[in-house]
Amino acid sequence: MHGHVLRACGQLGRSALLCKFSEANFGLHSPRLQLDVAGLSFSNPICLAAGFDKNGHAINLLSSAGFGAIEIGSVSQHP
């Protein structure tokens, strides 16, 4: 199921119109939510953890979904 969701998000993320719709409906833009941690600024404290999209297939749609940060990829000794 995880793979299906990532493929669907990757396909849907190709649509600029859908990404703008996602940003308008799910984006969190409030000065009260902004924070600075270790010299990094975040628009809100809701972040997508590492491992969800290891290969960055769905980055376009995920980045418009309102997360304050998204960690893409992983580090491992073997593929």
Side-chain angles (χ1 to χ4, degrees):
M1 187 49 102
H2 183 82
H4 292 300
V5 169
L6 285 177
R7 279 190 290 282
C9 287
Q11 293 293 325
L12 295 171
R14 293 181 182 175
S15 168
L17 182 62
L18 184 61
C19 287
K20 287 182 183 184
F21 175 82
S22 176
E23 175 67 29
N25 288 285
F26 302 114
L28 297 172
H29 303 289
S30 172
R32 295 182 341 160
L33 295 176
Q34 293 177 350
L35 67 149
D36 294 320
V37 177
L40 299 173
S41 297
F42 299 95
S43 60
N44 66 65
I46 301 170
C47 302
L48 184 63
F52 181 77
D53 186 10
K54 291 182 181 180
N55 297 317
H57 293 298
I59 187 69
N60 290 337
L61 189 62
L62 292 174
S63 64
S64 68
F67 293 105
I70 302 172
E71 189 169 347
I72 302 295
S74 65
V75 176
S76 61
Q77 184 176 359
H78 302 288

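Just so you know, these numbers use all the heavy atoms, side chains as well, and skip hydrogens, waters and symmetry mates. Counting from 1, the numbers follow the sequence of the chain as shown.
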### Message
Would the distance check show the side chain of Ser63 and the main-chain N or O of Ile59 forming a donor-acceptor pair, the cut-off being under 3.5 Å?
### Response
yes

### Task
Mark yes or no for whether Asp36, through its side chain, and Phe42, through its backbone, hold a donor-acceptor pair below 3.5 Å.
no

#### Entry: Over 12 non-hydrogen atoms of neighbours within 6.0 angstrom of NE2 in His4
no

### Query
Are more than 12 heavy atoms from other residues, nucleotides or ligands located less than 6.0 Å from atom CG of Leu17?
no

Any side-chain heavy-atom pair of [X] and [Y] under 4.5 Å:
| X | Y | answer |
| --- | --- | --- |
| Phe52 | Glu71 | no |
| Asn60 | Leu62 | no |
| Leu33 | Pro45 | yes |
| Glu23 | His29 | yes |
| Ser22 | Leu61 | yes |

#### Entry: For the student: nearest non-hydrogen atoms of Cys9 and Ala58, plus distance
CB-CB, 3.4 Å

### Query
Closest approach of Ile72 and Asp53, non-hydrogen atoms and distance?
CG2-O, 3.4 Å

Once rounded to the nearest 0.5 Å, what's the spacing between atom [atom1] of [X] and atom [atom2] of [Y]?
| X | Y | atom1 | atom2 | answer |
| --- | --- | --- | --- | --- |
| Ser64 | Leu18 | OG | CG | 7.0 Å |
| Ile46 | Leu48 | CD1 | CG | 11.5 Å |
| Leu6 | Lys54 | CG | NZ | 10.5 Å |

